[in-house]
Each structure stands twice: as C-alpha cells, then as structure tokens.
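Worksheet: the structure to be examined is printed underneath.
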Amino acid sequence: MVIKWISQVVVLILVVVGLAFFAAQAGSNLRAKNIDTSWRFLSVNPGIQLGEGIDVNPETGARALWVGMVNTIRVSVVGLILATILGTIIGVARLSKNWIVNKLSTTYIEIIRNVPLLVQILFWAAVISNWPELTHGAGPIDGWLIITNKGIGLPRIFPSIGFYQWMVVVIVGAYVGRRVYNKRETEREETGRETHALVSGLGVVLAFAAVGLLIHPVFGFLGPVFTAIGDFVGGIPVFVVQLLLSAAMVAAAALWIKRFLDNLRTPAGLAKLTDDDIFRIVFAGFAALMGIVLVFIVWPGLSAWLIHSSRDFFHFLGDKFEWLRTGRPLDAERPAITQTGRFPNFSSSGLVITKAFGALLFGVVLYTAAFIAEIVRAGILAVPKGQTEAAGALGLSRGLALRKVVLPQAMRVILPPMGNQYLNLVKNTSLAIAVGFADLVQVGQTLYNQTGRTLEVVAIWMGFYLAMSLLISVIVNFFNVRLRIVER
Amino acid sequence: MTGLESRADMIVCQGVKKWFGDFQALRGIDMTVEEREVVVVLGPSGSGKSTLIRCINRLEVHQEGRIFVDGIELTNDLRNIEKIRSEVGMVFQQFNLFPHLTIMDNITLAPIWVRKKPRAEAEALAMELLERVGIPEQVDKYPGQLSGGQQQRVAIARALAMEPRVMLFDEPTSALDPEMIKEVLDVMKELARTGMTMIVVTHEMGFAREVADRIIFMESGEIVEEGTPEHFFTNPTEDRTKLFLSQIL
C-alpha cells in the first residue's frame, strides 16, 4: 500500500523535473541565440488595421489578438451549427430510395470531400468576387437583402427600447408555459390521451410574447426596484461577503463528504474506509480551507469585485427599465451602404457577411458537411435491421420507430466521430489566412511581422486552439456518457 | 379455399408467391390457420418457412396471391399494415430487444405509444407478463445484462404486451444455448395452453410433437405435407417428408 503511494509520487516528481529541465534547456538555448521571450508587445499599440471584427483599430496587441479570437469563434460557432444541419440532411438523403435525391447527395459528397479545403475556400472567394458591384441602393426587396462582390448584407434584428420590459413578460410566459407543458405531459402519462403538451406549452409562451408587445411599458416600475437592489448590494461590507463565501465553501465540503459517506454506507452499517477514501475526505476538507485562505488573505479583491459587479449589473438593469419607457422591444435595420464599394464594419445597420467571412464559412461548412453526412449515414446503417423490424412488428409507425428505436442507437455511433469533425472544423478555420479573414492566425501573423515576437504569438495560437478543442471534447463527451448503453 | 366468411379462420393464405430477385422463395402457398390453433412449420433451411411467416405481418411483401389476417387483407394500405401488426405479435430468432431501453421500457414502449395506454396501466401489464414468463426481478435491467433465454422470454412478454390475437415465432430457440432452450419452450407451451393462436417455425421436434395441433412441412417454397403430429411423425406419406425425418430423428 505504501509502495503504491510512493511510486506514484516518484513518477509525478520525475515528470515535473523532466519538463522543467527541457524548459530550462530551451530557454538557455534561445538566450544563447539572442532570442528571448517578452510579452510587452501585448500592451503596446501594434499600429495595424484589421479587415473586420469588433474593433478594427485595436489599441494594443492583446486587443488585436482578442478581436482575432472573437472572429475565429464567430465563424466556428456558425459553421458548427450549419455543418451539422446540412450534413444530417445530406446523410439521410443518401439513404433515400428516391433515385435523384440519392445520386445528388452521393455526387455532392464525392466532389466535396475529394477537393482540398483550401482550394474550395479560394473557389468561394472567386465566386463572390464575381457578384455585382456594391453601390448605393443595391439589392432587391428595397435594400433589405444585398448580394455583392463585397459580401452579403442581411437585415439585423436587435433589442430596442422596451426590450427588457418585454423580456420580463416573456420570462414569466416561459415559466407558465413550462408549467402547462409539465401538467399536460403528466396527464398524457396518466390517461394515455394525446394532450399536445409541446404545442400548448409553446403556445402559452407565444401568447405571452404577443400580449407583452402591447403591455410591456407597464413593467417600467421595475427600474427603480433594480436600482434600489443595486444600491443595497453596493452597500454590503466586504467582510460579510467573505464570511458568506467561506460558509458556502465549508457547507459544500461538508455536503460532499456526507454524500460520499452515504454512498459508501451499506445496510450492515458504515463500510470500512480505504486510504483512498480517507484521502478524498481529507482533500475535500483541505480544499474548503484553501478556499477560505483564498477569500480572506490571498485575494480579498474577489469579494469586492463581486459586490461591485453585482451592483453595476442591477444599476444597468435599472437604467434599461427607465420609468414609463415605451417603444418596440425589437427592431430591424437594413444594411446601410454609406460609401460605394464598402460595407460599414459592425455598425448597428444590417448584418453583413463579408466576402472573406463568407468564403471561409461556405468552405468549411460544405466541406465538413460532406464528412458529417457519411457519419450520419454510417450511424443509421449501424443499427441492425432487426431493430426496425422488431419496432415494425410491434405496430410502431416508421416515424415512431425512427424516433424511439433507431435514432437513440444511431446517436451513440455518430457522436464520437462527429466530435472529431467539430474539432476539424474549428482548426480548419485557420485557413482564413488564404482569403484575408481576420481570424486569430491571420491577426497573429500580422502582429509578429510587426513586432518579431513569433514564439509568443505561436504559443498563444496553440493555447487558444487547445482550449477550444478541449471545450468541444468535454461537451461531446458529456453527451457520449449520457447515451452509453448498459451492458452486463 | 375455405372462405373468410368463416369467423374461426384467423389467417388465410391464397396462392402466395414471393421472389427475391430471380430466386422464388414461395411458390404458391395455400394455408388456413384457425383461431386457437397451434401450427408448427417444419422444413430444411431455405425452404421458405421464415419468409412465409414474415409475409404474414408484412416484414416481407408478397408479390402474388392474397393474405388475410382476421378478415383484413394485407395490402399496401399503411393503416391496414399497422392494424394487423398490432394484432400479430412476433418473436425473432435474434430476440431484437431494444438495447438502449430497460426491460420495462422495452415492454411498455408499444402499449404506450401505439395503444395509447396510461403509463401506470402499461407498467402493471408489463409486470404481470414478466411474472408469467418467470423473470419479474429483471425489470430494471438492460437487455445486455440478461442471458439469451431471459432475453427471448422478455421478447415474448414484449409481443404479448400488445395483446395480440396471433403470435408468430421465427425459430425462437435457434440462437440459444442448449440449457436455455427449455425455459423458452416452457413459456411457449404455457401460451399454447391458454388458447393463443400460434404459428411456430422451429427445429424442436419434441415441441412440435407435444404442442402442435397441426404440422406443416415445407420444402423449396412449397407445402409438401400437412397433418396432425401423429400422422406426420409416424405415418408420413410423402418421400421428401420421410427423407427429412430420417435426417433429423
């Protein structure tokens, strides 16, 4: 037992020492060549302009990289959603018995997955370049849709004055709708009658939203209430928050230990604890202690920050709920063209898919969708034919059999490779550099051309993509575990 | 054929023919199964016996001839098919339980979603059926945690939960280890005693001799001989039947 513990500690020490040695070695090598690491470029003005983003004239290097990260996340999230939808449709279409649908989807998959992604992205950029010039008054439907060689302009829908008052009504509606749904659902379980639970639940929410359009100014009185709450929260002394946080941590640790012991308890009484169990209990207690030290000594600013930010949050709400403020909760604006040949960057007017963004998005979405289609097809085919037959023999309709029997089993085959495709899509967005989309890699490259801080920028790239990939893995794994089939 | 006017006729096949590509699996089957009758279908593999019972609940589509179940003709009309399928229970060689659902959910799925039964009622019925097939203690497990014999008994309970008027068995014991065959056959015998109409495709001669009201012997997609078990096992008339029996017994 002791040997087991010692051996683990020794291995850990060896790994840490080994890594430290390599890091030190690399550092001295670099210093010998007069290459040192410095992060000062992050806080000085890089003097670069970005193609698009939340801030096209970033004041600092860090800000520039942040704009790039936001752009990468933007294209990734939109791409993941679209690729999943398109891929699923094509995958199912490939299983269709309709000859045309079947052949079309097969052709799509064969063409797309056999051409390099970079070529496809350049192809889409070339296609968009050949669309009409961007001029004043361009676009059909009175300028609500603009398709030009600079990109696509769509109307933007945004929260307007009165949005927050309206949201109060919608949130209440969502709560009531949820209650109605639950009630209907239990009714169906108990009586077997079809009660249309989902339709009635959503109907209630929509009804509330519609009525809210008319009555939302009534909720203006909440503004002073929120301001008062903000004032109250802002007045709480710091040590009270520190005490509350400590109490919460002690309570959490105690609760965890109690549940842990409850799980170990057998009908015959408390089971014998192994030293692993004792270690976990001690560790939980120690973690709570560390938390208290953190709150009181190491980082007293945390409690103050909590107070300030909640105060600011309530004051923000108070401002939004100005007394008797009226107006439409939502508004739409058409993409305004103020200058020939140029879309405004991230103004309040219109939602613009620029040429670079569009080419990259079309490229990764269409490319990944081809692979997702094959995964979906494989997943559905992986469910044995006997399952469909058994469902049919029991009298289940084709739709019910698909929903209750085939899809739940196909999902567990589909999910792991699907996660791989999601990772690929996110990493493939780094090809943005080919069409000049200001993603993290493109911004980073511009930045190190200016400052010469190549290693640092590369380290940031790697850290960012690693974090994104791990996040996706965690999410996919979560669903993976939930879908696992119990055997033996 | 005997007309479908006679109410006692549960299943009527008239000149049923079926091709898989160029291969003709059924060459004109005429058969009538009466209510409460237990018919055992015997024959060498590839003789079309599985295809025949799979045509009866339309897992396979016959190309010529007519099939009536309880007076309803099997056509392409979807409503007919779903109606017949909920009247006809089927037990497969490979059990085909739903691996992602517990035993309870396997049994209650169709009663709740097809028959629109209240969950409590469906679960009570499921427990009753599990008692009947002798494994009520397995109700919260998943199919993968059960032995083959137990899985097949769950499959029988699942089919019975739809309260069918006919049960079809497609070689229900062929995928089982020898020591588990008896427990499944016992359940089927008990079912036969309660007066269920049954068509059983099997290689279990003992079961056929003991339980069957009538035995149908098929070869190459045709019915070669049919009669009572006594007639069939002691005094068969056709040469092909004699050859088959000499190989098996």
Side-chain angles (χ1 to χ4, degrees), chain A residues 97-98 181-199 379-416 478-488, chain B residues 53-54 56-60 78-79 81-102 105-123 140-147 155 158-164 167-168 170 175:
Chain A
K97 290 198 179 83
N98 181 317
Y181 172 81
N182 285 343
K183 191 160 161 286
R184 292 270 173 141
E185 194 59 20
T186 7
E187 201 180 316
R188 187 186 63 73
E189 295 243 309
E190 278 166 8
T191 64
R193 259 183 302 117
E194 182 53 68
T195 51
H196 308 286
L198 194 63
V199 176
I380 293 176
L381 288 181
V383 179
K385 200 162 163 255
Q387 293 287 312
T388 328
E389 287 186 347
L394 284 168
L396 270 70
S397 65
R398 282 185 60 172
L400 258 180
L402 194 68
R403 196 151 57 90
K404 295 282 169 189
V405 176
V406 177
L407 279 186
Q409 295 184 59
M411 276 309 288
R412 74 182 219 279
V413 183
I414 290 173
L415 216 51
F478 171 76
F479 287 106
N480 231 344
V481 170
R482 284 189 42 170
L483 284 172
R484 201 162 47 193
I485 284 183
V486 181
E487 315 225 1
R488 267 175 283 287
Chain B
I53 69 166
R54 286 163 64 85
I56 291 174
N57 71 349
R58 216 172 178 76
L59 290 179
E60 304 287 356
L78 272 177
R79 277 164 307 171
I81 295 170
E82 274 167 28
K83 189 147 188 277
I84 284 169
R85 279 178 171 176
S86 54
E87 297 288 325
V88 180
M90 179 137 183
V91 175
F92 299 86
Q93 183 178 353
Q94 299 294 341
F95 330 136
N96 291 345
L97 293 180
F98 306 133
H100 60 297
L101 299 178
T102 62
D105 290 339
N106 261 280
I107 299 176
T108 56
L109 180 72
I112 289 175
W113 290 96
V114 180
R115 286 256 194 266
K116 310 277 185 202
K117 274 200 177 165
R119 179 176 287 277
E121 198 181 302
E123 288 187 346
D140 291 323
K141 291 198 180 160
Y142 285 85
Q145 298 169 301
L146 267 54
S147 74
R158 180 176 71 175
L160 289 176
M162 288 297 282
E163 293 161 336
M167 285 284 284
L168 309 175
D170 187 4

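Just so you know, these numbers use all the heavy atoms, side chains as well, and skip hydrogens, waters and symmetry mates. All chains are named by letter (A, B, ...) in the order of the sequence lines, taking the proteins before the strands, and each is independently numbered beginning at 1.
Of the residues considered (B/L109, B/N57, B/L146, B/I112), B/L109 shows the highest number of contacts with chain A, using heavy-atom pairs under 4.5 Å. Ranking B/L97, B/T102, B/V88 against chain A, the residue ahead of the rest is B/L97, based on heavy-atom pairs under 4.5 Å. Most heavy-atom pairs under 4.5 Å with chain A: of the set B/V91, B/N96, B/L168, this distinction falls to B/N96.
Counting all heavy atoms, side chain and backbone alike, A/Q409 lies closest to B/P99 at OE1-CG, 3.2 Å. Smallest separation of non-hydrogen atoms from A/A390 and B/F98: CB-CE2, 4.1 Å.
Of the atoms belonging to A/E190, it is backbone heavy atoms, and not side-chain ones, that fall under 4.5 Å from chain B. For chain A, the nearby part of B/F92 is the side chain; its heavy atoms alone come within less than 4.5 Å. Only the side chain of B/R54 comes within less than 4.5 Å of a heavy atom of chain A; its backbone N, CA, C and O stay farther away. For B/I81, no part lies near chain A; criterion is any non-hydrogen pair under 4.5 Å.
Other residues, nucleotides and ligands contribute at most 12 non-hydrogen atoms within 6.0 Å of the NZ atom of A/K183. When the shell of 6.0 Å around CG of B/D140 is examined, it contains 12 or fewer heavy atoms from other residues, nucleotides or ligands.
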Report, one line per pair, each donor and acceptor closer than 3.5 Å where one atom sits in a side chain of residues 393-408 of chain A; sequence neighbours left out.
unit_1	atom_1	unit_2	atom_2	d
A/S397	OG	A/L400	N	3.4

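In this structure, NE2 on B/H100 lies 7.5 Å from CD on A/Q387, to the nearest 0.5 angstrom.
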